[in-house]
Amino acid sequence: MKQKLCCLFLACSTCLAAEDSRIGDPYSICSHVSRQKTAQTAEQQYRMLKQIGVKYVRTDFDWNRLEKASGEWDFSNLDSAVAKAVKHGMTILPILNSVPEKYSPACENISAFADYTGRLSARYCKELPFWEVINEHNISSQVDRNPIHYNKVLNASFRKLKETNPKFLVLYGGTMGIPWDYLEKSLKEGPSYDVMNLHPYTIGTFPEDSLADNIRAVRSMMEKYGGKNKEIWVTEYGYASADPIGWMNAWIPAALKKVKIDPEKTCLTVFDDPEKNFRSIVPNNEREIPKFHEIHRIRLSELKHLDPVKYPVLLSAGGEAFHLDYADDLLQYVKTGGTLILCGGAPFYYGIRKMPDGSVRRYVCGSETLKKFRLHWYVIPNREDAVKTVSELGFRMPEAVPVANSNRAVSAKNLKPGDIFIPIASSVTKSGKKYPLGAIYRFNSDFKGNILYCLGPGPRQCSELQQGRLLPRAYLAMMSVGVRKIFWYRLLDNLEGRTDSESRFGILRGDLSPKDSFFAYKTLVRMCPPNSTVPVIREKKGIYLASWVRPDETKTFAIWTVDKSLPLKLSVSGDVREIHNHLGKQLSALPAKATPGIVYLSGDRRLNLSL
């Protein structure tokens, strides 16, 4: 299957090369330079972006900040933001977004949204060549999360923008993830747009697993509905480098102790199945997993042979999805005495399906799978806000764990006589009511194992080291399948919230000091500058090899692995002039092992490398 992935990378790259063999200038970034707090350091930010070689900045043109009262508009902040961008040679991609409450949903106030669009496009006609219409509309109340309603707003904005300047590029609003059904319903209706736009975050996995295949599948869908010649942009993609909150490290050992398992004397089995895009250990939870005696990695197909005596603990992949084709094998493991750990949301809420085109799609499941495992969660009606989260097993609650204000709780509803329900942690409301957030389902009936299950919070952050490694790999994957602009989310961290993932997506810290990802971005742009050829990516036995030619005819290769070090044996012909690591440091020789951090090799057109 990995060879198949390699062929998909290669086939798509070869196809694109025939049409447009150059990448153009894809290097872009998100920063809220139009909002007052971030705008204070906008010029410093632009100077840092010049060091990288980035010229395109995406920001919100918030309607609710412009129209203070009905018919009273204040453009002073935007005027300043646009002027500073022009001064520093930057081009802003504005998002038409943040509909005022009195005009929401926008689909019921089309003429007002068109007026807002017209005012902005006329004012900044000379400075801004592209426009994006509503951010993440598939999860936005601005259009009732309805693709047909969104199309109405998009079409009205498209007409207004083209009236102002027919050369404007109008972007379909970036979708949160790739909402396959939503997207198909929208495209089937024939919306007016120039550029397709996605936010294909892979926070719970690696860029190599499905990112390129998913974008390729979107391209096929576009072609099906008349969008063959339209570009694809990615206006948000990134990984948050926040500090770990310590949640899994707190509750998992305590729950295991309750069922008489000592992690430090026990082998932990994890899923490691890139073919199915299913991994238990990924960038966002690696630092949260407690210490075990050893780690045993399996693919989903090996689950039916997993011996619960030899391998007593199994950690599923985080989140709410599972490949249901293997649910019976997982159930059998628990029935025969295995201990299953589930964390990060409501398990089996989604099924996962690997499509023939290589894309990975999730679909909502019914409750039958949950019942099979004797688990139960429910929605609390009219609950009051929680004021704290408390441990029920005596472990110290990490300070960074947020107050659980989810309206979900777990229960013993589906257990059989003899089975035991032991709460792990609870949310406590102002009036003192407790709702279990997680529990040990200790079976003592026809089931003989245990399920340790917590609704959340699931970890969503990686380390700064990981973020720096992942950034260039994601860019190469997306460029290899023809994405024309890629806006990393984002440039600047918030100063507060060290454990809050949303605050820590930046490649600069809140004080403007650079992270590893800043230097990784800078190195990527130097190694694969604008108008290089489209990267071609191959894979063999877990080692990835990408190649391209720069505008000055320098041939460049990149070598890396997904998540482990592997012995590197390369066949090299021609002269290698320079070797650099992913942070730009020059190396005197090629390392003996390939690692998750890219190594770049450069030489003339005669240089060739093969695995």
How about N135 and Q142: does a side-chain donor come under 3.5 Å of a side-chain acceptor?
no

For the residue pair Y56 and F130, categorise the inter-ring angle as parallel (less than 30°), tilted (30 to 60°) or perpendicular (more than 60°). tilted

_Backbone N/O of V153 and side chain of S157: donor-acceptor pair under 3.5 Å_ = yes

OG (S367) and CH2 (W377) are apart, to the nearest 0.5 Å, by 10.0 Å

message = Please determine whether a side-chain nitrogen of the Lys or Arg among D115 and R119 lies less than 4.0 Å from a carboxylate oxygen of the Asp or Glu.
response = yes

Compute the ring centroids of Y150 and Y182, then answer whether they are less than 6.0 Å apart.
no

- Query: Can you tell me if D144 uses its side chain to pair, donor with acceptor, with the backbone of N146 under 3.5 Å?
  - Reply: no

inquiry  = For a quick check under 3.5 Å, do E236 and W488 share a side-chain donor-acceptor pair by atom type?
reply    = no

Exercise. Below 4.0 angstrom, N of the basic side chain to O of the carboxylate: do K276 and D325 qualify?
Worked result: no

| Pair D181 + R361, salt bridge at N-O below 4.0 Å | no

>> Apply ring-ring contact (aromatic ring centres under 6.0 Å, His included) to residues H137 and Y172 and explain how you reach the verdict.
In response: CA-CA 10 Å; H137 43 90; Y172 191 90; 5.1 Å; yes

For A321 and F278, the nearest pair of non-hydrogen atoms, with its separation, is O-CE1, 3.6 Å

Heavy-atom nearest pair, Y27 first then V54, reads O-CG1, 3.8 Å

Discussion item. I'd like to know if the side chain of T164 reaches the main chain of K160, judged simply by a donor and an acceptor atom lying under 3.5 Å from each other, with no hydrogens or angles considered.
Written reply: yes

Before giving the answer on salt bridge (Lys or Arg N to Asp or Glu O under 4.0 Å), spell out for D328 and K372 the whole-Å C-alpha distance, their side-chain angles and the decisive distance to 0.1 Å.
CA-CA 9 Å; D328 288 343; K372 281 184 181 180; 3.5 Å; yes

ask   = Between the main-chain N or O of G597 and the side-chain N or O of T595, is there a donor-acceptor pair closer than 3.5 Å?
value = yes

key: Main-chain N/O of C462 paired with E286 side-chain donor or acceptor, under 3.5 Å   = no

Hits for salt bridge (charged side-chain N to carboxylate O under 4.0 Å, His left out) against E101, two or more places apart or cross-chain, chain-then-number order -> none

When rounded to the nearest 0.5 Å, the distance separating OG of S359 from CG of D213 is 7.5 Å

Q. Checking salt bridge (Lys or Arg N to Asp or Glu O under 4.0 Å) for the pair D60/R35: CA distance, chi angles, key distance, verdict?
A. CA-CA 8 Å; D60 298 85; R35 293 178 177 169; 3.4 Å; yes

So, R473 side chain and V562 main chain: donor-acceptor pair closer than 3.5 Å or not?
yes

* Stacked cation flag R538 on Y544, 6.0 angstrom / 45 deg -> no

* Asked: So, does T205 use its side chain to make a donor-acceptor pair with the main chain of T202 at under 3.5 Å?
  -> no

Scanning both residues in full, the closest heavy-atom pair of A558 with I598 reads CB-CG2, 3.8 Å

> Does atom NZ of K55 have more than 12 heavy-atom neighbours, drawn from other residues, nucleotides or ligands, at distances under 6.0 Å?
Replying inline: no

Please check if the distance between the ring centroids of Y521 and H582 is under 6.0 Å. no

- Task: Please check if the distance between the ring centroids of Y116 and F61 is under 6.0 Å.
- Result: no

- Query: Step by step, would you call L342 with L375 a side-chain contact (heavy atoms from CB on, under 4.5 Å)?
  - Reply: CA-CA 11 Å; L342 300 169; L375 304 175; 3.8 Å; yes

N/O donor-acceptor pair under 3.5 Å between N165 side chain and L161 backbone: no

request  = Output yes when K304 and D329 qualify as a salt bridge under the 4.0 Å nitrogen-oxygen rule, no when they do not.
outcome  = no

Scan side-chain atoms only and decide if S602 and R550 contain a donor-acceptor pair under the 3.5 Å cut-off. yes

Closest heavy-atom pair, K354 versus V360, reported as atoms and distance to 0.1 Å, is CD-CG2, 3.7 Å

Q) Is there a donor-acceptor pair under 3.5 Å between the side chain of E302 and the backbone N or O of R299? A) yes

CG of N138 to NZ of K185, rounded to nearest 0.5 Å, is 12.5 Å

Is there a donor in the side chain of N197 and an acceptor in the side chain of T235, or the other way round, less than 3.5 Å apart? yes

Is it the case that the ring center of F113 lies less than 6.0 angstrom away from the ring center of W63? yes

Can you confirm whether the side chains of N214 and R219 place a donor and an acceptor under 3.5 Å from each other? no

Closest non-hydrogen atoms of Y237 and P200, given as atom of the first, atom of the second and distance, are CE1-O, 3.3 Å

Practice task
Give a yes-or-no answer on whether the side chains of Y225 and E184 include a donor-acceptor pair shorter than 3.5 Å.
Solution key: yes

Checklist entry - Distance under 6.0 Å and angle within 45° of the ring axis: does K230 meet both against Y193? => result yes

Shortest non-hydrogen pair, V481 vs A212, comes out as CG1-CB, 3.8 Å

Rounding to 0.5 Å, atoms CD1 (I298) and CG (D272) come to a distance of 10.0 Å

Donor-acceptor side-chain pairing of Q467 and S517 below 3.5 angstrom: yes

Name the atoms and distances for all side-chain donor-acceptor pairs under 3.5 Å in residues 344-351, with sequence neighbours left out.
none

Query - Ionic contact status for D357 with R216, cut-off 4.0 Å - result: no

Do the side chain of N277 and the main chain of D209 share a donor and acceptor less than 3.5 angstrom apart? no

Tell me if the NZ atom of K126 is crowded by more than 12 foreign heavy atoms within 6.0 Å. no

| task | Would you kindly say whether S186 and N151 are connected by a side-chain donor-acceptor distance under 3.5 Å? | result | yes

